[in-house]
Amino acid sequence: MIRFENVSFGYSEKRPILNDLSFHIEKGDFVALIGANGAGKSTISRLVNGLLHPTKGHVYLNGKDTLKTPSSTLARDCGFLFQNPDRQICENTVKDEIAFSMKAQGWPSDLIADRTRAVLETFDLDPEWFPFSRSRGERQRIALASVLACEPGLLILDEPTTGLDYLECIRIMDHVTGLNQEKGVTVLMVSHDMELVQSYAKNVLVLNHGQILGQGPTNEMMKNVEVLKKARVLPAQIPELALRFGDEFKDVFTVEDMLAALRGRAGKGGAL
Amino acid sequence: MISVKNLGFVYQGGKSAALDGINIEIADGDFVGITGTSGAGKTTFTFALSGIIPQKIKGDFYGAVTVDGVDTAVHPAEEFARKVGQVFQDIDSQMVASVVEDEILFGLENFGVPYEEIAKRVDRVLKDLGIEDLRDREIEGLSGGQKQKVAIASILALEPEVIVLDEPTGELDPESSREIFKILTDLNREKGITVIIVEQKIMLLCEYVKHMMVLDKGKIAFYGTPGDMASSIDTFKDLGINVPRVTELSASLISEKIYDGEVTLTVDEAEKMVRRILK
Amino acid sequence: MNLLNYVPGDSFLHKLNPVTKLLAAFLYGIAAIICGNVFAEVGLIILMILISATCGIAKRAILLTRNLFFLGLIMFVIQLFFVRDGEPLAVIGGFVLFTTGGLKSALLLSLRVIAAMLPLMLLFAITQMNDLCNALVKRLHLPYRYAFIVTTAFRFVPIFATEFHDIQDAQKARGVDFDTKNIFRKIGLVAPLCVPLLVSSLKKVDVSAMSAEMRGFELRGYKSGYKEYPFGVRDLVTVAVLVALIAITALWGA
C-alpha cells in the first residue's frame, strides 16, 4: 500500500527532517505514527499523498511514484483528515461540502448524489446545515464525511481528535475502525494521544528526529520502554502501570486485563 | 472570591441558552478545571467571569457575577482585566505585537503603570515563566508552547487576582501541555493567583487542579475535587467525559471491594494502590 | 525569503530613530523624483545598495531592485509609446513607433520608480513595525488606533500566508487540481481557497480586537508608550545629509 524507499526530506541541506527512511505499510493495516514534536510525523503523512515530495528516495502509494503522479490523482487513493476542518470547509451547505471532494475528483453526478445521501446518514448530518456555524466536533465530522464519501482505500488522520471532546472523538474513531475492519481500509494516524493510539491502532511506528526507532504491534511497543524513552513519548497509563511491576503483569494492557489480574491476586492474598 | 449567582446567557440570535442557572462560589487561591463536551458553555462561562459577556458580546444576560464584590456586568471590562486576566483559545490571534517584549509591555503601557514599575514587572514575568531568553524574539517564530507562555506572561504582568484560560494546551504536545500546567500550579501555589482553566485533557486536570467543574448544556453537572469523581464515574461517562484509565481502574477495584482506599488519579497513585493490593 | 521582514542588526541606520528612518526614506524618494538625469538615477540606486551593505542587507537590496525592475519595465513600455516629442527613432511603414523623447522619458521614469521605491522597502528591513508605530505615536502624536491597525495588518501577513498554504494543501488532498490549465476551472478554484481564508481571518481579527480591548487598548494615549524614542546627533546628521543629497540631485538634474 505505502512504501518508503530511502526517503530523505528537508527544507534545507543542513537540517534534514527525514533521513534515509525505509518502511512499508500493508493494505488493511491501522498504523499510528508516534514521536515528539518535530520527529517528522506530519511530514511523513504529507509525503504519502504527494503534498510534499522526497528530496531523496521514493515514496510509492499503491505502486505509484508520488514524484511522477500529481497530488490530485493521488487524492483518489488517499483520503486525508486534517487537524483543523476549517481549512477545507468552503461550501454553504453540508451536502455541497460533502459533494465537493467527489466533484473535484470527477465523479459522475448520479453517484455523487447517492454517496452524499449515504454519508449524511452514516454521520448523522443535516444536509442543509450552514457548516461554518456548527461546533468544532460537527465540523470535523463534516470534513471526515466529505473525505470518506470518495471511498479512499487509504485514510490518513493527522491529529484527528485535537479540540474534540471525548464523545466526538470516540464517534469519529469508532467509525474509522469500522471501515478498517469491515472494508479493509488502510489507516495511517498521526497522534500524540497514547490512550487513543493504544485503543485503536494495530501497529505503531515510533519516530525520533526523522528516523524510525521501532515498528511493531501496538501492545508490544507500548511496553518498549527503551524506545519510547528515546522518542520522548509517555506510554499509555495502564501499560506504564503494568511496566512498573516488571514481568508480574506482562500480559496486562487494558483496564480489564489489570482488573482480571488483580482479582486473582487479591483472592489468593486476601488483601482486605 | 468569585461569586456566580443564577448566571444565564443566550447569545444574540441563539436558540438555546449557552449558560443556564449557574451558581458557584470560587475561593481565592483556588485552581479550578472546567471540562465538558463542545457546546456545553465552557468558553461562555469564562467570558462571563472576565466581563466580556455581557459587555463585549451581546445577548440576554441573567444573574450576576461578582469578583471581590465588583460586578463584572457593570464595571468597565477594560479595567476589569487587571482583576481577571483572560487567555483566549486562539494563541496567534490574541497577540498584539510581533516581539515578545512588546507583547508584555502592551497592557502595562495601556493601564499607565509607572515607568520604573514596568521594567520590574517585565523582568519578573519573564523569569516566572522561564522565558527570559525569548525577550527579543519574534513571536511568529516561536513554538506553540512558547507562544502560550508569552500569552500567559502578558496577562500575568497586569498582576490579576484571577487568571482564566480557555483550552491553552489545545494545540500543544503532551510535554508542553504538562509544562503549562506546572507553571500554572506554581503561580497558584506561590503567588496565590486563582486559576480557572478550560481543558479537555482530563489526565492533566486530575493531576493538577484542586476543583473540577463539568458543564453540560449550560448547567453545572459536577463540581468537586478530582477525588470526588469516584462516586460519579458513571455520570461522567453519561456526560461524554473520559476519565483517566487509572481512575477507572481504581473505581472498579473499589466497587468490587478489592481495594478500600481512595480513587487514584495518577499512575504514581495507582502504583501504590496495586502494591497495597499485592501485599 | 520574505522581502519585507525585519533583519536585526546594529548598524548606524539600525540605531536611528524610527521617525528619522521614515523621513530619510521619503527624502531619498524626493531626491529620486526631482532628479532629471538618467545617470544620476542610476547613481542613486547604486548608492542605495551601498548604503544597504552597511546594514548587512545588500543581498536583499539587490533582490528588491530586481523585483522593482519588472515594475520599472512596465512603466518603461507605457511611457515609451505615449511620449511623442523629439526625433522619430523607430518608424514602421510611415508610422512613428517611438521617439527619442519617449525613450529618454521612459528610461528616466522607470529608473525613478526604482530609485524612489527602494529606500521605502528597505526601511522595513531595518525597522521593527512596532517601533515605527510607537515612535510615530510618541513623537508625532499619530492616533494610536491607526498605528495599531497598521502593525496588526503587517503582523497578520505571515500568519495568513501560512494559513493560505495549509488551506491549499487541504484542498489538494481532497483532489482539487491547482495545476489545471483550463481557465474556467482556475476561476472555480477561487472559492475553495478564499472562503476558508475569509472565515478564519474574520475569526482571528475578532479575537485579536477582543484581546487588545481586554488589555486596555481604549485607555491608550500617545504618552502611554514605555519605550522612548529620542532624537540624537545621528538623526540630525542623517537629515542634513539627505537634504544635501536633494540639493545635489536637483542641481545635477537641472
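In this text, all values refer to a predicted model and were calculated from it rather than measured experimentally. Note on naming: letters A, B, ... go to the chains in the order of the sequence lines (proteins, then strands), and numbering restarts at 1 for each one.
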*Asks:* Just verifying a value: how many Å separate A/Asp193 CG and B/Gln200 CD, rounded to the nearest 0.5 Å?
*Replies:*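 Answer for the CG-CD pair, A/Asp193 versus B/Gln200, is 11.5 Å.
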*Asks:* Quick check: closest heavy atoms across A/Phe245 and B/Arg275, and the distance to 0.1 Å?
*Replies:*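 Nearest pair, atom of A/Phe245 first, then B/Arg275: CE2-NH1, 3.3 Å.
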*Asks:* Compare every heavy atom of A/Gln237 with every heavy atom of B/Arg245, then report the nearest pair and how far apart it is.
*Replies:*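 Taking every non-hydrogen atom into account, N-OE1, 3.1 Å.
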*Asks:* So which part of B/Ile241 gets closer than 4.5 Å to some heavy atom of chain A, the side chain, the backbone, both or neither?
*Replies:*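 The backbone, not the side chain.
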*Asks:* Between B/Gln89 and chain A, with a heavy-atom cut-off of 4.5 Å, which part of the residue counts as in contact: side chain, backbone, both or neither?
*Replies:*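 Answer is neither: B/Gln89 stays 4.5 Å or more from chain A.
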*Asks:* Enumerate by number any residue of residues 137-154 of chain B whose heavy atoms lie under 4.5 Å from heavy atoms of chain A; in the absence of such residues, state 'none'.
*Replies:*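 Heavy-atom contacts from residues 137-154 of chain B to chain A are absent.
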*Asks:* To check you understand the geometry: which heavy-atom pair defines the closest contact between B/Ser38 and A/Gly137, and what is its length?
*Replies:*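 So the two residues come closest at OG-N, 4.4 Å.
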*Asks:* Do A/Glu168 and B/Thr37 have side chains that approach each other closer than 4.5 Å (heavy atoms only, starting at C-beta)?
*Replies:*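 The answer is no, as the side chains (C-beta and beyond) never meet within the 4.5 Å cut-off.
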*Asks:* Which atoms of A/Leu164 are under 4.5 Å from chain B, going by heavy atoms: the side chain, the backbone, both sets, or neither?
*Replies:*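 Only the backbone of A/Leu164 comes within 4.5 Å of chain B.
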*Asks:* Could you look at A/Ser191 and say if it's the side chain, the backbone, both or neither that has a heavy atom under 4.5 Å from chain B?
*Replies:*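 The answer is neither part of A/Ser191.
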*Asks:* Is the shortest heavy-atom distance from the side chain of B/Asn242 to the side chain of A/Leu167 under 4.5 Å?
*Replies:*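 Not in contact.
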*Asks:* Counting only non-hydrogen atoms closer than 4.5 Å, does A/Glu138 touch chain B with its backbone (N, CA, C, O), its side chain (CB onward), both, or neither?
*Replies:*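 For A/Glu138, neither part sits under 4.5 Å from chain B.
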*Asks:* Looking at B/Asp173 and A/Arg232, does any basic side-chain N land under 4.0 Å from a carboxylate oxygen?
*Replies:*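 Not counted as a salt bridge, because no side-chain N and carboxylate O are separated by less than 4.0 Å.
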*Asks:* Report yes if the side chains of B/Val267 and A/Ile238 come closer than 4.5 Å at any heavy-atom pair, otherwise no.
*Replies:*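 Result no, sub-4.5 Å side-chain heavy-atom pair not found.
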*Asks:* Could you tell me the separation between the OG1 atom of B/Thr35 and the CG atom of A/Asp165, rounded to the nearest 0.5 Å?
*Replies:*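 Between B/Thr35 OG1 and A/Asp165 CG, I get 8.5 Å after rounding to 0.5 Å.
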*Asks:* Within a 6.0 Å radius of atom CD on A/Glu248, are there more than 12 heavy atoms belonging to other residues, nucleotides or ligands?
*Replies:*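 Yes, CD of A/Glu248 has more than 12 neighbouring heavy atoms, counting only those of other groups under 6.0 Å.
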*Asks:* Any side-chain heavy-atom pair from A/Tyr166 and B/Ile202 closer than 4.5 angstrom?
*Replies:*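 Side-chain contact under 4.5 Å: no.
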